[in-house]
Number of protein chains: 2
Amino acid sequence: MPPAIIRSAPERLSRPQQVAEAIKSWVMANGWGPGERLPSETEMIARFGMAKGTIREAIRILEAQGLVKSRTGPGGGVFVHQVSEERATALLGNYFYFQHLTIDDVYQIRAVLEPELAAGLAGKLTPAQLAALEDVMTCYAAPAENAEEERAQHIASLRFHALLAEMSGNPLMRFLIRFVTNMLADITVSRKLYVQPNHELWASGLDYQSRLVAALRAGDADQARQILRDHMHNAHRLMRMQETVLTQRFLPEGDII
Amino acid sequence: MPPAIIRSAPERLSRPQQVAEAIKSWVMANGWGPGERLPSETEMIARFGMAKGTIREAIRILEAQGLVKSRTGPGGGVFVHQVSEERATALLGNYFYFQHLTIDDVYQIRAVLEPELAAGLAGKLTPAQLAALEDVMTCYAAPAENAEEERAQHIASLRFHALLAEMSGNPLMRFLIRFVTNMLADITVSRKLYVQPNHELWASGLDYQSRLVAALRAGDADQARQILRDHMHNAHRLMRMQETVLTQRFLPEGDII
DNA sequence: CCCAATTTGTTCGTATGTATC
DNA sequence: AGATACATACGAACAAATTGG
């Protein structure tokens, strides 16, 4: 019987990494939450018996992971920080930079997550939320007349999905859909797909989305699910015609739909 | 019309962060891939006109993100490194540390992803892969007789799912399922759920998994999908009886199923 | 086995920048 | 405006690890 849990190779950690881990456990042990201040550099130097440089590198490691932020000046210091969605997106994006994802890979996920999301939201959105969705839809109420408009409309239609995800009460669902959506937006921007107006994509996208909002308002979960299933299938088909392999690039944290 | 892409607040970057970003772009611009060596510290000090400490902090930032690794000695230096699954898992786990996920949240995702995974694998696994799955199943062929065995079996059953995910040709699917599965394993370990033998969970899990392997071998995608749907529904029900809110903790990169 | 060269890792002292009072 | 408290940055020296002779 193989060990249930495989602990990866021991892999000696450098001193700053050890300190970073120690600080992390320290924060957890004390139950410090976002906004709370960690001991100052000087105190940490004493606490860990290490030089300033080492402590600073440890802080940098935690900062890169999005776990702390530091401010200068009196009342400044290092503060526990809730990892932001942007940061998490960028860090996970780095992982997929080295995997080669295809359009099919991404749409296989979208095709199951998005319908489930829609079904879960049916009948649970406030009038304000429904209005916000319709507001995004106005961005592509009319067919695009040039490449620039086409691109803007495509991004806006992805924004519709990101907005929908944000309304989910499930943080995992929310993050996953927004991550995948951002990835698609990133591709279209970097590859400049959709340079030629694609009337079919426009018409089908708009139609699906307005029917979806209607179903969400009516509280019809099954219909919402089915609409998004069809939409995903269609969008996949149209996307596949344009490109099969996604370009990868490091996401410079900050761009997010 | 709102801007299509929202760029988050300017937020001045510290010098090391700027350098880290510069190095990242540098690597991309030169098309350096995993294993390739970056210029030495000394060269970077000259290249960027900054002190050693600053350069080192920048390297640490990239190292924390899993993008580089450094080695000492002759022939040593800083090397581009493919972000590992373990690292990506740990970093994303930090994000969810601050979100409060419920069992329901996690199972809503599993319930749609796992059946889709199984359907995609039907008829595509080699005899060796099918044997590997059956091998894991032997870990819980007999009912557990005490709490320790119970726990080991539960982890092994999660390992079955992680192994299945690993066989997917879709890197996104693979990562997402393994991430969620690890998250569940982490919970059960930290909370020590399943301290009391739960015969129903054992019997149903084993039955579902053996039927699943049969369906996969037979190449029956629809049946595989349906089996996993039922399994997820049942596992969700049994888990929900035990706990509703997940404990969160920082994942100390390395533990992975 | 030891020695020398190379490259990262760590330390310390000092000085600068920045925000608060 | 000035003093204070904190992070930030610099530079020089030394330590540790690895490779090859």
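Residue numbers start from 1 in every chain, and the chains themselves are labelled A, B, ... in the order their sequence lines are given, proteins ahead of strands. Computed from heavy atoms alone, side chains included, the values below leave out hydrogens, waters and symmetry copies.
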Trainee: Return the value, rounded to whole Å, for the distance between atom CE of B:Met50 and atom P of D:dC10.
Mentor: 6 Å
Trainee: Classify the ring geometry of A:Phe48 against A:Trp26: parallel below 30°, tilted from 30° to 60°, perpendicular beyond 60°.
Mentor: perpendicular
Trainee: Between A:Arg60 and A:Glu57 (salt bridge meaning N to carboxylate O under 4.0 Å), is one present in this structure?
Mentor: no
Trainee: So does A:Lys52 reach the base of C:dT14 with its side chain, donor to acceptor, closer than 3.5 Å?
Mentor: yes
Trainee: Please enumerate all residues that pass salt bridge (charged side-chain N to carboxylate O under 4.0 Å, His left out) together with A:Glu134, with sequence neighbours excluded.
Mentor: A:Arg217
Trainee: For B:Leu38 and for A:Thr72, find the nucleotide of DNA chain C with the closest heavy atom, then tell me which residue's nucleotide is more 5'.
Mentor: B:Leu38
Trainee: Heavy atoms from C-beta onward define the side chain here; which of C:dT18, D:dC10, C:dG9 lies closest to that of B:Ser70?
Mentor: C:dG9
Trainee: Could you pick out which residue, A:Thr54 or A:Pro74, lies toward the 5' side of DNA chain C when each is mapped onto its nearest nucleotide?
Mentor: A:Thr54
Trainee: Which part of the nucleic acid does B:Gly53 contact within heavy-atom distance under 4.0 Å: base, sugar-phosphate only, or nothing?
Mentor: nothing
Trainee: Quick one: do A:Arg110 and A:Glu114 make a salt bridge, cutoff under 4.0 Å?
Mentor: yes
Trainee: So which one's nearest nucleotide on DNA chain D is more toward 5', A:Arg15 or A:Val78?
Mentor: A:Val78
Trainee: In this structure, how many angstroms lie between the C1' atom of D:dT19 and the CZ atom of B:Arg71, rounded?
Mentor: 11 Å
